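Below is one structure, written out as structure tokens, with a few remarks after it.
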Amino acid sequence: MATTHTACTLDCPDSCSLEVTTEAGKIAKIAAGSGNSLTGGFICSKVRRFDDLVYHDSRVQYPQRRIGAKGKGHFERISWDQALDTIAEQLKRVRDTVGGEAILPLCYGGSNGVLTQNTTDLRLFRRLGASNLRRTVCAAPSGAASAGLSGDMTGVALDDYEHARLIVVWGVNPSATGIHLVPVIQRAQKRGAQLVVIDPRRTPLAKKADLHLAPRPGSDLALALAVANHLFERDQHDAAFLDQHCTHVPEFRARAAQWSIDKAAEATGIAAADIEAFALLYSERNPAVIRCGWGVERNRNGGSAVASILALPAVAGKFGVRAGGYTMSNSAHWASDSRIRSAVLEDEPNTRSVNMNHVGRLLNTTHDKVNFLFVYNCNPLATLPHQSLMKRGLEREDLFTVVFDPVMTDTARYADIVLPATTFLEHEDLAKGYGAMVVHRSQPAIEAIGESRPNHEVFGDLLKRSHLHREGEPITGPELRDFILEDSAAGIMQGEPILPREGARPIQFVDTFPRTSEKKMDLVPVQLDQDATNSLYQFSPDPATEKYPLALLSPATSKTINSIMGQVRKLETIIELAPADAAARGLATNTKEALVRAFNDGGEVICRYRINADLMTGVTVMPKGAWLSSSENGATSNALVPDSLTDIGGGACFNDARIEVEAVAS
Ligand SMILES: Nc1nc2c(c(=O)[nH]1)N[C@H]1C(S)=C(S)[C@@H](COP(=O)(O)OP(=O)(O)OC[C@H]3O[C@@H](n4cnc5c(=O)[nH]c(N)nc54)[C@H](O)[C@@H]3O)O[C@H]1N2
Ligand SMILES: Nc1nc2c(c(=O)[nH]1)N[C@H]1C(S)=C(S)[C@@H](COP(=O)(O)OP(=O)(O)OC[C@H]3O[C@@H](n4cnc5c(=O)[nH]c(N)nc54)[C@H](O)[C@@H]3O)O[C@H]1N2
Ligand code: SF4
Ligand SMILES: [Mo]
């Protein structure tokens, strides 16, 4: 028996400390570890049984070359040397004949490990002159809003929610997506805190809330501006704070003034009395904290909506006390911490930027083509918008595709070469929280499965094979880690986590300030205003039509992290309907067998349905992250998701999908 102290690098805000016990080199137990206080002695069921994935049949054991048609999944074994030589040759061929920009690296959140992305990979692609991927599939609108308003001010520590008297859980479902906040909220409630949940769904926390506001998807902007306006009109705003710590206050006030409570009630579908009750609670209770999640951003109004929510604590004067203010993502905290350096130091070359949400589109254009797609830390067929376009693109015979992944994903079946990657239980890494504010060591608990290798090693090898490595640059795992951490490397090796310089629980406007020039919060940043599709805080109406009247949400479930474990835990694509919507379509009762067709102009999904009395009329739900085989016709929620972009940040509009549903004759 041996025990390894390590950390989870999955794309989850909590960044848990782990303790992995092995017997004869095999994982016997995965449990909570110490180091990250937020972990608090328990971890989620996914990682508790992550060994099911580590030893699953779907693991890619060795490099392989395609021998059948794209998508069929027929491959033959080759050696690493053969695979990497072929890849290096193809990269060279494409760069020399079509140009570097015909090469597109496609990566996102499969691992949030610091060494798995933006190290040797980025160096390789920059030196090849490859297209630049704009990582917009998640957090782009909220990131743009947070950067614009506050220069990414560090948020309220999640552990500090215990001290709040009012907690607003806005467009986030921690019961599935960041479970360690839930007991903190429960403790706060025991001490007398009130809980407000703002979510179109009646989530588990909404059921425990003092007030649940269910806005129509995409209408939070109207709600937040109406609350701000209400506070201004009644002189319940904090004029002194606004004067001293904020800029562009009159401009913000003027834009909020467009929104009376009644007008917001109409736009959101929330009763005017409930909006007023929320405004009253928010103005009266202190400390008050808003947990703003990612459900707010995934629609046409997403960036402005997040900005308007982040402005509320300034308007109401909520900063300056423990548990007062807001939390969005805390990832930018580390970007500004000089102890964690970038492993790529040269400037961006002048190559084109490709918005990740438009990869499907780009793979189908005839000019400015992509001829080489390198997929790693990403499963685009399962996770990007407009699935049918993505599939058609991946089928192209003149596209050379490499998929580098621990498992044979739906996307990997279309690859010319598949490379086996290690999981975070098999390689050395650094885990960095974007909820929990901690950076800690993630280290291998077991030997690599089959011939799998870590990302930085494979891209380092390709740098060398392509003659693009420069002597003296960090390239091995330990070199990269030591370079990134500078003098903090020794402590982390002894199991000491890195905590924020401002202390583990900084107070906004006491310990931590906006990282803007005057340390002020800018309520209408000029650049953001210019970059917005319309202007900032301009409301766009619901995209529903007579033909496609139902909104489709595709939130996270507790079964997977995005698509990771979808094949192991059999996440089903099933559509949930509100009782009235089901009845209107002749879907009377819950049955196990009956199928429906959910469709719009972008695609269709044939799957089972479930009537859910907790859903508001007009809103349907399908899970995110499901694998193609999880429905009857090999399509998932992403087949119905448009590739339109958010108002700021070029983000994904997953929740702007509008659909119709009909029964399928058996
Ligand atoms: N319908 C719908 N779709 C969505 C969303 C939604 O709300 N609705 N939300 C989206 C969000 S929030 C996000 S963040 C994106 C995520 O999109 P992706 O990043 O594409 O999602 P993952 O499923 O995490 O896919 C990552 C892949 O990386 C692999 N991987 C894990 N570790 C490693 C490693 O160390 N090395 C390599 N090479 N590979 C590794 C995994 O096996 C997995 O196949 O999806 C988005 N998709
Ligand atoms: N178990 C698990 N944990 C995860 C993930 C996972 O896939 N599984 N994914 C990770 C990743 S990549 C991310 S980004 C985070 C995301 O974590 P969350 O922020 O929780 O994101 P979502 O699940 O997309 O949506 C959250 C809630 O927003 C609601 N919502 C949808 N549209 C709107 C709207 O217009 N307004 C409001 N107010 N609410 C709306 C949904 O009903 C849902 O309950 O979770 C991370 N943690
Ligand atoms: S996925 Fe999240 S909750 Fe689960 S172990 Fe990892 S960090 Fe913790
Ligand atoms: Mo995400």
Side-chain angles (χ1 to χ4, degrees), residues 7-18 30-33 36 38-39 42-48 50 53 58-60 106-113 115-117 121 135 137-140 142 174 176-180 294-295 297-298 329 356-357 374-385 387 402-412 419-424 426-427 429 431 433-436 452-456 458-459 552-556 558 560-567 573 622-627 636-641 651-655 657:
C8 175
T9 63
L10 293 178
D11 189 347
C12 166
D14 293 2
S15 191
C16 285
S17 296
L18 302 177
I30 306 174
N36 176 1
L38 189 67
T39 303
F42 70 98
I43 57 168
C44 67
S45 59
K46 297 174 294 296
V47 172
R48 231 169 32 229
F50 207 73
L53 178 77
S58 59
R59 277 302 290 269
V60 182
L106 184 53
C107 57
Y108 196 73
S111 165
N112 269 11
L115 299 189
T116 61
Q117 207 154 289
D121 53 328
R135 294 204 175 100
V137 74
C138 175
S142 52
T177 60
I179 56 172
H180 294 87
W294 293 267
E297 71 164 30
R298 310 197 199 288
S329 169
M356 193 168 179
N357 295 304
F374 204 131
V375 183
Y376 59 107
N377 284 359
C378 192
N379 185 8
L381 210 42
T383 57
L384 295 194
Q387 197 165 62
V402 176
V403 176
F404 179 24
D405 203 289
V407 300
M408 187 60 80
T409 61
D410 290 321
T411 310
L419 300 176
T422 40
T423 68
F424 71 94
E426 299 153 58
H427 60 228
D429 210 334
Y434 61 93
S452 58
R453 294 184 185 176
N455 291 9
H456 63 80
V458 169
F459 290 108
L552 174 73
L553 304 181
S554 43
S558 57
T560 67
I561 290 272
N562 295 312
S563 71
I564 296 175
M565 293 202 93
Q567 81 282 35
T573 287
M622 263 186 213
K624 83 160 167 174
W627 285 43
T636 67
S637 55
N638 293 58
L640 304 170
V641 168
C653 288
F654 293 112
N655 295 334

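Quantities reported herein were computed from a predicted structural model and do not represent experimental measurements. We count ligands from 1, going down the list as the structure has it; atoms in each ligand are counted the same way.
Minimum heavy-atom separation, L115 to H456: O-CB, 3.6 Å. Closest non-hydrogen pair, D11 versus N562, comes out as OD2-ND2, 4.0 Å. Of all heavy-atom pairs spanning V60 and V407, the tightest one is CG2-C, 3.4 Å.
Looking at N112, T383, L10, L381 and measuring to atom 18 (P) of ligand 1, the nearest heavy atom belongs to T383.
Within the 4.0 Å heavy-atom criterion, neither part of M622 lies near ligand 1. Contacts of N379 with ligand 1, taken as heavy-atom pairs under 4.0 Å, involve both backbone and side chain. Of the heavy atoms in A421, only side-chain atoms (C-beta onward) come closer than 4.0 Å to ligand 1. At a 4.0 Å heavy-atom cut-off, ligand 1 touches C138 through the side chain alone. Contact annotation: for N562 versus ligand 1, heavy atoms closer than 4.0 Å belong to both the backbone and the side chain. Only the backbone of S15 comes within 4.0 Å of ligand 3, judged by heavy-atom distances. Counting heavy atoms under 4.0 Å from ligand 1, residue S637 touches it through the side chain alone. Proximity of T636 to ligand 1, defined as any heavy-atom pair under 4.0 Å, is not found for any part of the residue.
The side-chain heavy atoms of F404 and N455, taken from C-beta on, include a pair separated by under 4.5 Å. Counting heavy atoms from C-beta on, the side chains of F50 and M565 come closer than 4.5 Å. Considering only heavy atoms from C-beta on, K46 stays 4.5 Å or farther from L10 through its side chain.
For atom 42 (O) of ligand 1, the nearest non-hydrogen atom of the protein is D405 OD1, 2.6 Å. Scanning the protein heavy atoms around atom 26 (C) of ligand 1, the nearest turns out to be G110 CA, 3.2 Å. Closest to atom 6 (Fe) of ligand 3 among all protein heavy atoms lies C8 SG, 2.4 Å. Protein heavy atom nearest atom 10 (C) of ligand 1, with residue, atom name and distance: F654 CE1, 3.7 Å. Of the protein's non-hydrogen atoms, the one nearest atom 2 (Fe) of ligand 3 is C12 SG, 2.4 Å. For atom 7 (O) of ligand 1, the nearest non-hydrogen atom of the protein is S554 O, 3.2 Å. In this structure, the protein non-hydrogen atom closest to atom 8 (Fe) of ligand 3 is C16 SG, 2.3 Å. Counting protein heavy atoms only, atom 37 (C) of ligand 1 is closest to N377 OD1, 3.1 Å.
Side-chain contact of N377 with S111: a donor-acceptor pair under 3.5 Å is absent, judged by distance alone. In this model, a donor atom of one side chain and an acceptor atom of the other lie less than 3.5 Å apart for Y376 and D121.
Residue C44 does not count as close to atom 8 (Fe) of ligand 3, with no N, O or S atom under 2.8 Å.
Once rounded to the nearest 0.5 Å, the distance linking SG of C138 with CD of E297 reads 5.5 Å.
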